[in-house]
Amino acid sequence: MIPEGFKEVVRLDMLGNKHKLIDKLNAAAMILVIACGAIGLVLNYVLRMLRMPGGMYFVYSLGGAALCIAYIYLHELAHALAIIMIKRKKPEIKFGKFVASCGAPSVTFSKPQYVFAASFPLVFYCAALIPLCVLLPAEFFPLPFLPLCYNVFGSMGDVYMMRVMTRSKKGCVIVDNGTEVIAYAPIEPQP
């Protein structure tokens with residue numbers, strides 16, 4: 001849907017055959033989640049639990065990994081909540097193979113509104129999970145920590161899309177179709 005009086009200036013298709021950017025970002029995120037998760041879990045154990053029995057720590061680590069799967073859905077629901085808060089419109093949430101998306105093809109966002117909706121899961125879940133990592137007893141650390149890692153590195157696609165869209169022309173509006181985001185600039189009158 002092209003807003004009246006606007007023309008397309010930037011199109012970012014995360015699933016386009018040309019780049020398959022979503023696959024690259026997912027692979028990078030998974031590698032970083034595994035690496036940071038492993039380092040964080042080992043450091044937590046060595047620094048906080050060395051003289052404690054560690055049997056349940058492994059179980060809680062598996063629980064944290066399972067929460068990462070649930071986080072995929074919670075992340076998109078957070079985008080949906082942000083869209084509802086700023087636009088009072090129901091967004092479309094889609095879940096597919098290795099991809100989940102939330103968009104609102106019939107809604108136009110200003111740049112600040114788009115940044116709010118795109119960054120909301122990253123900010124919200126960091127604000128919720130970081131205190132839990134600190135306040136919970138050491139053996140429960142994996143439960144918030146692994147989803148926190150997934151939150152940070154899994155949001156790379158959102159951060160990339162925000163970066164591209166905020167660099168578009170002044171006065172642009174943005175339409176988010178989920179995995180495809182388009183910036184439209186006002187059509188300047190011809191002399």
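What you see is a predicted model, and the numbers here were worked out from it, not measured in a lab. Every heavy atom of this structure was used, including side-chain atoms; hydrogens, water molecules and symmetry mates were not.
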query = When clusters are formed by joining ILVMFWY residues with side-chain heavy atoms under 4.5 Å apart, either directly or through shared neighbours, do Ile84 and Val123 land in the same one?
reply = no

message = On a heavy-atom basis, which atom in Lys89 and which in Ile83 lie closest, and how many Å separate them?
response = O-CG2, 3.9 Å

query = Would you say the side-chain atoms of Tyr114 pair up with the backbone N or O of Thr108, donor to acceptor, closer than 3.5 Å?
reply = no

ask   = For the ring pair Tyr125 and Tyr71, is the centre-to-centre distance below 6.0 Å?
value = yes

task = Report the C-alpha separation of Phe145 and Asn44 in whole Å, then their side-chain angles, then the decisive distance to 0.1 Å, and conclude whether the side chain to side chain contact (heavy atoms under 4.5 Å, CB included) test is met.
result = CA-CA 10 Å; Phe145 180 69; Asn44 179 63; over 6 Å; no

key: OH-CG distance between Tyr60 and Leu146, expressed to the nearest 0.5 angstrom   = 14.5 Å

ask   = Would you say the side chain of Asp158 lies within less than 4.5 Å of the side chain of Leu122, judging by non-hydrogen atoms?
value = no

ILVMFWY network linking Tyr150 to Ile39, side-chain heavy atoms under 4.5 angstrom = no

request  = Return the minimal non-hydrogen interatomic distance between Ser61 and Leu41, and the atom names on each side.
outcome  = OG-CD1, 3.8 Å

ask   = Is the backbone of Cys102 close enough, under 3.5 Å, to the side chain of Glu76 for a donor and an acceptor to pair up by distance?
value = yes

query = Distance-only, no hydrogens or angles: does the Arg88 side chain make a donor-acceptor pair with backbone N or O of Met85 under 3.5 Å?
reply = yes

key: Nearest heavy-atom neighbours spanning Cys126 and Pro131   = O-CD, 3.9 Å

key: Main-chain N/O of Asn177 paired to Glu180 side chain as donor or acceptor, under 3.5 Å   = no

query = Cys149 and Val33: which non-hydrogen atoms are nearest, and at how many Å?
reply = O-CG2, 3.7 Å

key: Approximate separation, where rounding is to 0.5 Å, of Thr179 OG1 and Lys94 NZ   = 7.0 Å

message = Please report the interatomic distance CZ(Phe124) to CG(Asn151), rounded to the nearest 0.5 Å.
response = 10.5 Å

inquiry  = Less than 4.5 Å apart, side chain to side chain, heavy atoms only: is that true for Ser101 and Ile93?
reply    = no

inquiry  = Would a single hydrophobic cluster contain both Leu148 and Leu74, if residues Ile, Leu, Val, Met, Phe, Trp and Tyr are joined by side-chain heavy-atom contacts under 4.5 Å?
reply    = yes

request  = Take Val173 and Phe6, measure what side chain to side chain contact (heavy atoms under 4.5 Å, CB included) needs, and give me the verdict at the end.
outcome  = CA-CA 9 Å; Val173 295; Phe6 287 81; 3.9 Å; yes

query = How close do Lys87 and Val107 get, heavy atom to heavy atom, and via which atoms?
reply = CG-CG1, 3.5 Å

request  = Give a yes or no on whether the backbone of Ser168 and the side-chain of Lys111 come within a donor-acceptor separation of less than 3.5 Å.
outcome  = yes

ask   = Under a 4.5 Å side-chain heavy-atom rule over Ile, Leu, Val, Met, Phe, Trp and Tyr, are Ile130 and Phe120 clustered together?
value = yes

ask   = Out of curiosity, does Leu32 fall in the hydrophobic cluster containing Ile34 (side-chain heavy atoms, cut-off under 4.5 Å, transitive links)?
value = yes

remark   = Rounding to 0.5 Å, atoms CE (Met156) and CE (Met161) come to a distance of 13.5 Å

query = Side chains of Tyr184 and Cys172: does their closest heavy-atom pair fall under 4.5 Å?
reply = no

key: Distance (rounded to the nearest 0.5 Å) between Tyr57 OH and Phe141 CZ   = 6.0 Å

task = Starting from the C-alpha separation in whole Å, work towards a yes-or-no answer on side chain to side chain contact (heavy atoms under 4.5 Å, CB included) for Val181 and Val175.
result = CA-CA 6 Å; Val181 182; Val175 175; over 6 Å; no

remark   = Scanning both residues in full, the closest heavy-atom pair of Leu143 with Gly64 reads CD2-N, 3.7 Å

query = Atom CD1 of Ile72 and atom CG of Leu77: how far apart are they, to the nearest 0.5 Å?
reply = 12.0 Å

key: Asp176 side chain to His79 side chain, donor-acceptor N/O pair below 3.5 angstrom   = no

